[in-house]
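Everything on this sheet refers to the single structure shown next.
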Amino acid sequence: MNPSYSSTRVRFAPSPTGFLHVGGARTALFSWLFARHAGGAFVLRIEDTDFERSSADMVTGILEGLRWLGMDWDEGPFYQSQRLDLYAKAAAALLETGHAYHCFCTREELEQRRASATEAGSVPRYDGRCRGISRAEAARRLEQGERAVVRFVVPRDGATTFEDAVFGPMEFSNAELEDFVLLRSDGIPTYHLSVVVDDLDMRMTHIIRGADHLSNTPKQVLLYQALGASLPVFAHLPLILGPDKTRLSKRHGATSVMAYKEMGIVPEAFRNFLALLGWSPGDAAKRPDGPDREIFSTDELIQMFSLDGIAHSNAVFNNEKLAWYNTEYIRAYDPTRLLPLIEDEWRQVQYQPSRGREEILTTIALLQPRARSLKDFSSAFLAYFGDEFSMDDAAVKKYLADSSVRHMLAELGHRYAAVETYTEASTEELLRAFAAEKGIKAGALINGARVVLTGQAVAPSLFAVMLCLGQQRVVRRLEAANNVTAV
RNA sequence: GGCGCUAUCGUCUAGGGGUUAGGACGUGAGAUUCUCAAUCUUAAAACACGGGUUCGAUUCCCGUUAGCGCUACCA
């Protein structure tokens, strides 16, 4: 079968009650990878039925995060808040078929019963007392303005089963479930109703979501059955944990995807890292000799992805490994691809390079092996792109504390001014001869010059830096060596 | 508490009835010497515990423990 004709349909259905967080991003990524692998559709649906906590800004942020990670969607975004009539209709149908009933218990009553049940050491579960209310009576009470929710009739006994594509066969005793709410008293659907109705309406074939929904699934399975629909494939993803092995949350620091952009992470690195968090290509990553593969292009990820490779256990988010991916990606980029990302960083700090595009490109190439983040290009590396940069205090202290070194560097600047063929070799030759003449170790001069030239203690080979900067800048900066003072 | 899920180096993981249990990140040591956050070499580091099944379990089964999740008129 031609995969492009596949009817596979997968959705990502975030709730806009927060930014796109790491866990959500991975769910989206796995769903997207799965859809692309199958040649199916990837649908975006915003689950904004919690009006109190949802906001349009959050939707914007989520879409921004998705785009940043390079995930495109084929349909949507659909908003549940605009599909309310659909859920109401479904609830009415369920009411009609006896799968649901009106419950007039107030929140206060419910809370009270819950509290006393907990106190008595029993499980707080709705007892279904309003099931017995006849439809006629319910209609009358509604007529009189009484508020009611619509609850689902969960079978008292038996079990609900389904097959999870990740965890295998699942069985939940119905006695563990309560008659959950379908429609709130204001007519807004609850999560269980809206997901099922939408997944059905949107003809989803696979439901890929976090394992925190595993225990909710039997309720939804019951709903599918009551609606006379067949089940989609459920695939639950193990959760992502913080370093302390509790579920990743704000107190673990960066949890919003965009925070990683702000840290100078490149999207491909983040995506590669995320893809391998809770999923593994297995033997496909093996190489006959040498280490297993860790770096995969998007196309490779799409081609290799399968539900079988999804782990069953939770994974701790490892910042160090992400940082490693970032350096790998930054290093491997073609400078022309890196440039726009760097320009974006420059814009953010309102920096204007004073060098031409070609020079900038070769400079990037020089710096790439040492960059750990995009941020380096808008901070530590600024001395390479223009003449506005600051000195690293520690570097100055370490290599320029001695005033005689500063004097020598200034003098060295004069010498460079007179050089006719300015090359990597000639600059080195001159410096070493100069050091010999002054009776100082070349290394001391080199380290000092590095700081004067770049403001940093760490840089590429000094003479490569000199060539990159060009004769004029080198002369100017060296001649100003005496003005350098540690703050 | 009830229900569910899970358990291989510190972390991400491969593997699977008989292996020197493989790789990556990180960490340690060494090399290089013009710096290191670059590079190269190298080392340490794991099958949670207890019972089965079996000639043989890290692998299969059960239990224990631990962790996580769910248990709302949130999603």
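Values below: every heavy atom of this structure, side chains too, minus hydrogens, waters and symmetry copies. Proteins get letters first, then strands, A, B, ... in listed order; numbering begins at 1 in each.
Pair assignment for U53(B) gives none, since no Watson-Crick or G-U wobble pairing has each distance under 3.5 Å. The partner of G69(B) is C3(B), by the rule that a Watson-Crick or G-U pair needs both atom distances under 3.5 Å. When both pairing distances are held under 3.5 Å, A21(B) makes no Watson-Crick or G-U pair with any nucleotide shown. Using Watson-Crick or G-U wobble geometry with both donor-acceptor distances under 3.5 Å, U64(B) finds its partner in A48(B). With a 3.5 Å ceiling on both atom-pair distances, U33(B) lacks any Watson-Crick or G-U wobble partner. Base pairing analysis places G28(B) opposite U42(B); the two distances defining the Watson-Crick or G-U wobble pair are each below 3.5 Å.
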Test salt bridge (charged side-chain N to carboxylate O under 4.0 Å, His left out) on Arg45(A) and Glu47(A) and set out the steps.
CA-CA 6 Å; Arg45(A) 185 174 74 221; Glu47(A) 310 222 320; 2.8 Å; yes
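Using atom P as the reference point in both U8(B) and A48(B), the two lie 6 Å apart (nearest Å). Nucleotides C12(B) and A7(B) are separated by 12 Å at their P atoms, to the nearest Å. Nucleotides G67(B) and C74(B), compared at atom C1', are 24 Å apart to the nearest Å. Using P as the reference atom, G17(B) and C61(B) are 12 Å apart when rounded to the nearest Å. Of the P atoms belonging to C25(B) and G63(B), the separation is 40 Å, rounded to the nearest Å. The P atoms of U59(B) and U53(B) are separated by 15 Å, rounded to the nearest whole Å.
In the region residues 264-280 of chain A, proximity to RNA chain B at under 4.0 angstrom, judged on heavy atoms, holds for Leu276(A), Leu277(A), Gly278(A), Ser280(A).
Contact annotation: Thr190(A) reaches the phosphate of C74(B) (side-chain N/O to OP1 or OP2, under 4.0 Å). Taking only side-chain nitrogens and oxygens, His312(A) never comes nearer than 4.0 Å to OP1 or OP2 of C5(B).
Around the CD atom of Glu119(A), the shell of radius 6.0 Å holds no more than 12 heavy atoms that belong to other residues, nucleotides or ligands.
Checking Thr49(A), Asp198(A), Thr190(A) one by one against Tyr87(A), the side-chain hydrogen bond (donor to acceptor under 3.5 Å, both in side chains) holds for a single residue, Asp198(A). Partner Asp179(A) forms a side-chain hydrogen bond (donor to acceptor under 3.5 Å, both in side chains) with one of Arg129(A), Arg156(A), Arg131(A), Arg125(A) and no other, that one being Arg131(A).
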Please list, pair by pair, any protein nitrogen or oxygen found under 3.5 Å from a nitrogen or oxygen in nucleotides 68-71 of chain B.
from	atom 1	to	atom 2	distance (Å)
C68(B)	O2'	Asn314(A)	ND2	3.1
G69(B)	O3'	Arg247(A)	NH2	3.3
G69(B)	N2	Ser215(A)	OG	3.2
C70(B)	OP1	Arg247(A)	NH2	2.8

Could you run down the sub-3.5 Å N/O contacts of the protein with nucleotides 37-40 of chain B?
from	atom 1	to	atom 2	distance (Å)
A38(B)	O3'	Arg331(A)	NH2	3.4
U39(B)	OP1	Arg331(A)	NH1	2.5

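Looking at Asp186(A) and Arg147(A), no side-chain N of the basic residue comes within less than 4.0 Å of a carboxylate O on the acidic one, giving no salt bridge. Under a 4.0 Å N-O distance rule, the pair Arg432(A)/Glu428(A) qualifies as a salt bridge. The pair Lys286(A)-Asp283(A) fails the salt-bridge criterion, with no side-chain N (NZ, NE, NH1 or NH2) lying under 4.0 Å from an Asp/Glu carboxylate O.
Along RNA chain B, the nucleotide closest to Gly443(A) and the one closest to Ser185(A) are compared, and the more 5′ of them pairs with Gly443(A). Two residues, Pro460(A) and Pro14(A), neighbour RNA chain B, and the one matched to the more 5' nucleotide by heavy-atom proximity is Pro460(A).
A cation-pi contact, defined as under 6.0 Å to the ring centre and within 45° of the axis, is absent between Arg415(A) and Phe434(A). Within the cation-pi definition used here (under 6.0 Å to the ring centroid, within 45° of the axis), Arg26(A) qualifies as a partner of Phe30(A).
Residue-level contact check: Tyr399(A) touches the backbone only, with heavy atoms under 4.0 Å from sugar-phosphate atoms and none from bases. Nucleic acid contact class of Val181(A) (heavy atoms, under 4.0 Å, all strands): sugar-phosphate only. Using a 4.0 Å heavy-atom cutoff across all strands shown, Asn318(A) reaches at least one base atom of the nucleic acid. Nucleic acid contact for Thr49(A): sugar-phosphate only, since backbone atoms but no base atoms lie under 4.0 Å from a heavy atom of the residue. Backbone-only contact: Arg151(A) has heavy atoms under 4.0 Å from sugar-phosphate atoms and none from a base. Across all strands shown, Ala315(A) has heavy atoms under 4.0 Å from sugar-phosphate atoms exclusively, and none from any base. Contact annotation for Arg114(A): backbone-only contact, meaning every heavy-atom pair under 4.0 Å involves sugar-phosphate atoms and none involves a base.
Taking 4.5 Å as the limit, some side-chain heavy atom of Tyr224(A) sits within range of a side-chain heavy atom of Asp199(A).
For Phe162(A) and Phe167(A), the gap between ring centers reaches or exceeds 6.0 Å. When ring centroids are compared, Phe12(A) and Trp73(A) stay outside the 6.0 Å threshold. For Tyr384(A) and Phe389(A), the gap between ring centers reaches or exceeds 6.0 Å.
When the nucleotides U35(B), C73(B), G4(B) are ranked by their closest atom to the side chain of Asn447(A), U35(B) comes out on top.
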